[in-house]
Visitor: 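Got a structure here, written out as structure tokens. Questions coming.
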Amino acid sequence: MLNHQQIFFGLWLSICSGVLHADGQQLARDRNAGNCTACHYLPGTENSGNIGPEIKGISQKFPDIKQLQAFIRDPALSNPNTIMPPYGRHQILTESEIIEISQFIYRL
Ligand code: HEC
């Protein structure tokens, strides 16, 4: 039998993981933050742009999540002609925002 403390702890954990999950997702969609959907399709987004490729299978493309973070910081390092903004180099996003967005899209 679960006691009240265990039930409360379980609820607390699921709320926290929900909030953490929403954060990266929200930052990716937010027009005042990542605004990634201006160019990329993210699952569940209406009216997303198609200038960049659909965000999916990311962990296969970037086997180490650190490579993904480096890409978001400065995509021009892998393609000097890219039109994707250098989110880290131009300080569009903070380091912790880049990490949260990476964690969210890494599962897609
Ligand atoms: C102005 C348009 C634009 C915006 C905004 C943008 N991207 Fe991109 N992105 C691109 C383009 C174009 C590419 C294709 C690769 C290239 O140009 O080198 C790309 C490639 C990528 C890739 C590699 C995908 C693959 O399949 O190879 C990832 C991951 C990515 N973007 C993540 C993001 C994230 C996360 C954000 C928001 C923080 C974002 N992008 C915002 C244009 C954009």
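No hydrogens, no waters, no symmetry mates; every other heavy atom, side chains included, goes into these values. Throughout, numbering of the chain's residues begins at 1 and tracks the sequence. Whatever order the structure lists them in is the order used to number ligands and atoms, beginning at 1.
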Visitor: Please report which non-hydrogen protein atom sits nearest to atom 3 (C) of ligand 1, along with the residue it belongs to and the distance in Å to one decimal place.
Guide: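 For atom 3 (C) of ligand 1, the nearest protein heavy atom comes out as Cys39 SG, 2.7 Å.
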Visitor: At under 4.0 Å between heavy atoms, is it the side chain or the backbone of Pro85 that contacts ligand 1, or both, or neither?
Guide: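 Answer for Pro85: side chain.
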Visitor: Side chain of Tyr87, backbone of Gly34: donor and acceptor closer than 3.5 Å?
Guide: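 Yes; at least one donor-acceptor contact below 3.5 Å.
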Visitor: Return the residue, atom name and 0.1 Å-rounded distance of the protein heavy atom closest to atom 28 (C) of ligand 1.
Guide: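 Result: Phe71 CE2, 3.6 Å.
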Visitor: Between the candidates Ala38, Pro80, Pro53, Ala33, which shows the shortest non-hydrogen contact distance to atom 14 (C) of ligand 1?
Guide: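 Among Ala38, Pro80, Pro53, Ala33, the closest heavy atom to atom 14 (C) of ligand 1 comes from Pro53.
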Visitor: Considering only heavy atoms of Leu68, which atoms of ligand 1 have at least one such atom less than 4.0 Å away?
Guide: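 That gives atoms 29 (C) of ligand 1.
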Visitor: Please walk me through it: do Glu95 and Arg73 pass side chain to side chain contact (heavy atoms under 4.5 Å, CB included)?
Guide: CA-CA 8 Å; Glu95 187 55 25; Arg73 261 181 230 119; 2.8 Å; yes
Visitor: Can you find a heavy atom in the side chain of Asp30 that is under 4.5 Å from one in the side chain of Asn35?
Guide: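 They are not in contact (no side-chain heavy atoms under 4.5 Å apart), so the answer is no.
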Visitor: Are Cys36 and Ile55 close enough, and set up right, to give a side chain to side chain contact (heavy atoms under 4.5 Å, CB included), and what steps lead you there?
Guide: CA-CA 9 Å; Cys36 314; Ile55 299 287; 6.0 Å; no
Visitor: Report yes if the side chains of Leu108 and Pro43 come closer than 4.5 Å at any heavy-atom pair, otherwise no.
Guide: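 Answer yes - side chains close enough.
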Visitor: Only heavy atoms of Ile55, strictly under 4.0 Å: list the atoms of ligand 1 that pass.
Guide: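 Answer for ligand 1: 28 (C), 30 (C), 32 (C).
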Visitor: Just distances here: any N/O of Tyr87 and N/O of ligand 1 closer than 3.5 Å?
Guide: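 No.
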Visitor: Could you check atom 25 (C) of ligand 1 against the protein and tell me its nearest heavy-atom contact, residue, atom and distance included?
Guide: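 The closest heavy atom on the protein side is Lys61 CD, 3.6 Å.
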Visitor: So, taking the atom named CZ in Arg31 and the one named OG1 in Thr37, what distance separates them when rounded to the nearest 0.5 Å?
Guide: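 Nearest 0.5 Å value for the CZ-OG1 distance: 9.0 Å.
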Visitor: Any idea which of His40, Gln60, Glu97 brings a heavy atom closest to atom 19 (C) of ligand 1?
Guide: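 That would be His40.
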Visitor: Identify, by atom number and element, the atoms of ligand 1 in contact range of Gly34, meaning under 4.0 Å from any of its heavy atoms.
Guide: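 Counting from 1, the qualifying ligand atoms are 37 (C), 38 (C).
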Visitor: Membership question, hydrophobic clusters at under 4.5 Å side-chain separation (ILVMFWY): are Met84 and Ile99 in the same one?
Guide: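 No.
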Visitor: Is any side-chain heavy atom of Asp23 closer than 4.5 Å to a side-chain heavy atom of Ile101?
Guide: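 Side-chain contact under 4.5 Å: no.
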Visitor: To the nearest 0.1 Å, how far is atom 33 (C) of ligand 1 from its closest protein heavy atom, and which atom is that?
Guide: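 Nearest protein contact, heavy atoms only, for atom 33 (C) of ligand 1 is Met84 CE, 3.2 Å.
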Visitor: For ligand 1, which part of Asn81 has a heavy atom less than 4.0 Å away: the side chain, the backbone, both, or neither?
Guide: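 Neither; no heavy atom under 4.0 Å.
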Visitor: Using a 4.0 Å cut-off to any heavy atom of Ile72, which atoms of ligand 1 qualify?
Guide: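 Listed by number with element, the hits are 35 (C).
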Visitor: Closest non-hydrogen protein atom to atom 11 (C) of ligand 1, residue and atom name please, with distance?
Guide: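 Residue, atom and distance for the closest contact: Gly52 CA, 3.7 Å.
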Visitor: Can you sort out which atoms of ligand 1 are near Ile101, meaning under 4.0 Å from one of its heavy atoms?
Guide: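 Reading through ligand 1 atom by atom, the close ones are 35 (C).
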Visitor: Number the atoms of ligand 1 from 1 as they appear, then name those within less than 4.0 Å of a heavy atom of Asn79, with their elements.
Guide: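 Those of ligand 1 that fall under 4.0 Å from Asn79 are 16 (C), 17 (O), 18 (O).
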Visitor: Would you call Leu77 and Phe71 a side-chain contact if the rule is heavy atoms closer than 4.5 Å?
Guide: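 The answer is no; the side chains never approach within 4.5 Å.
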Visitor: So with a 6.0 Å cut-off around CG of Asn79, is the heavy-atom count from everything else above 12?
Guide: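 Yes.
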Visitor: Does Thr82, backbone or side chain, put an N or O under 3.5 Å from an N or O of ligand 1?
Guide: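 Yes, there is a polar N/O contact under 3.5 Å.
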Visitor: Would you mind telling me if ligand 1 is within reach of the side chain of Cys36, the backbone, both or neither, using heavy atoms under 4.0 Å?
Guide: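 Both of them.
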Visitor: Does Ala28 reach ligand 1, in the sense of a heavy atom lying below 4.0 Å from it?
Guide: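 No; Ala28 lies far enough from ligand 1 that no heavy-atom distance drops under 4.0 Å.
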Visitor: Within the 4.0 Å heavy-atom shell around Asn35, which atoms of ligand 1 are there?
Guide: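 Reading through ligand 1 atom by atom, the close ones are 5 (C).
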Visitor: Should Glu54 be counted as touching ligand 1, given the test is an N or O pair under 3.5 Å?
Guide: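 For ligand 1, there is no N or O atom that lies under 3.5 Å from one belonging to Glu54.
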Visitor: Would you say the side-chain atoms of Glu97 pair up with the backbone N or O of Thr94, donor to acceptor, closer than 3.5 Å?
Guide: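 It does hold such a pair.
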Visitor: Do any N or O atoms from the side chain of His40 and from the backbone of Pro53 form a donor-acceptor pair under 3.5 angstrom?
Guide: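 Answer holds: yes.
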Visitor: Within the structure provided, determine whether Lys56 and Tyr41 are in side-chain contact (heavy-atom separation under 4.5 Å).
Guide: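 Result no, sub-4.5 Å side-chain heavy-atom pair not found.
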Visitor: Numbering the atoms of ligand 1 from 1, which are under 4.0 Å from a heavy atom of Ile51?
Guide: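 In order of numbering, the contacting atoms are 12 (C).
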